[in-house]
Amino acid sequence: MEVASFLALILSALFLSGANSAIFTFRNNCAFTIWPGTLSGGGTPQLSSTGFELAPYSSSNLDVPAPWSGRFWARTHCFTDPSGKFSCVIGDCGSGNISCNGAGANPPVSLAEFTLAANGGKDFYDVSLVDGFNLPLSITAQGGSESCNSTSCPANVNNVCPQNFAVKGSDGSVLACKSACLALKKPEYCCTGAFDTPQKCPPTNYSKIFKGQCPQAYSYAYDDQTSTFTCSGGANYVITFCP
Ligand SMILES: *[C@@H]1O[C@H](CO)[C@@H](O)[C@H](O)[C@H]1NC(C)=O
Ligand SMILES: *[C@@H]1O[C@H](CO)[C@@H](O)[C@H](O)[C@H]1NC(C)=O
Ligand SMILES: *[C@@H]1O[C@H](CO)[C@@H](O)[C@H](O)[C@H]1NC(C)=O
């Protein structure tokens, strides 16, 4: 084989394998262990890991083949009971195992949501508190050809959680904070029924509590204007918990 065609073969192999896959780095900057969960959506296959343990101040990489859409979150206060069943006080996916195997988080949890395009197209990502909050987190793009802004929820919303929305630990500390939609299940907070368009579902006094703490994160369903971020060019992403 000629050198030129050999190089072309190598390059196309690199393109097909490398450019269609993003490396996600999960960093735990919290002073306690967390158990990230992953859930694919939009008919895309589950990732090679659907849940793993992450010690304080450590990080772990995961390959995400594009196109892909799905979400990541951190489970906390997890334990294995004497029968061998794994569960978490916050963000449990009900699988009984560290792997979630296609099951989603029991809210409230802070979410990192992604839609990755194939071949370096435009990726979309956001931090969502639509169902509530458990930990601060950030999303940072690495590489990418466009202005690929970071987004985050840097504040601990648990500190300002309305009493009736708080999920508390046995010591009374607030472990997570429900959104008004999750806590009250009313159409005006969930943007359902007669409130099912952006015009009919403005921010509420409750969503404003979340927005005030985390201006870049979704505080309710129709918060798209200030909460959706994009990046083109096949970036890799870092998701940091307790940034
Ligand atoms: C958890 O995983 C183990 C081995 O990976 C399996 O034997 C067990 O059935 C799983 N438990 C549940 C509740 O899915
Ligand atoms: C990205 O960040 C820059 C600098 O903070 C800002 O001017 C720009 O509007 C942001 N772009 C998007 C799409 O958020
Ligand atoms: C938000 O508004 C509702 C309905 O008007 C009211 O009952 C509630 O006390 C308000 N809560 C806060 C935290 O302002």
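Everything numeric in this text was worked out from a predicted model, so none of it was measured. Counting starts at 1 for both ligands and their atoms, following the listed order.
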Name all residues meeting the ring-ring contact (aromatic ring centres under 6.0 Å, His included) criterion together with Y189; count only those two or more places apart in sequence or in a different chain, and write none if there are none.
->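 If we apply the ring-ring contact (aromatic ring centres under 6.0 Å, His included) test to Y189, skipping adjacent residues, the hits are Y206.
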Modelled atom types, side-chain donor and acceptor of S99 and N97, under 3.5 Å =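 Side-chain D/A pair, S99 to N97: absent.
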Where is the nearest protein heavy atom to atom 8 (C) of ligand 3: which residue, which atom, and how far?
->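 Here the nearest protein heavy atom works out to Y206 OH, 3.4 Å.
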Closest protein heavy atom to atom 3 (C) of ligand 3, given as residue, atom name and distance to 0.1 Å |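 I find the closest protein heavy atom is N205 ND2, 3.6 Å.
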Short check: is a protein heavy atom less than 4.0 Å from atom 5 (O) of ligand 3?
->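 No, because not a single protein heavy atom sits under 4.0 Å from atom 5 (O) of ligand 3.
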Check: F210 ring centroid to Y220 ring centroid under 6.0 Å |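 No; Y220 has its ring centre 6.0 Å or more from that of F210.
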Measure centre to centre between the rings of F124 and F229, then say whether the value is under 6.0 Å.
->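 Between F229 and F124, which both carry aromatic rings, the centre distance is not below 6.0 Å.
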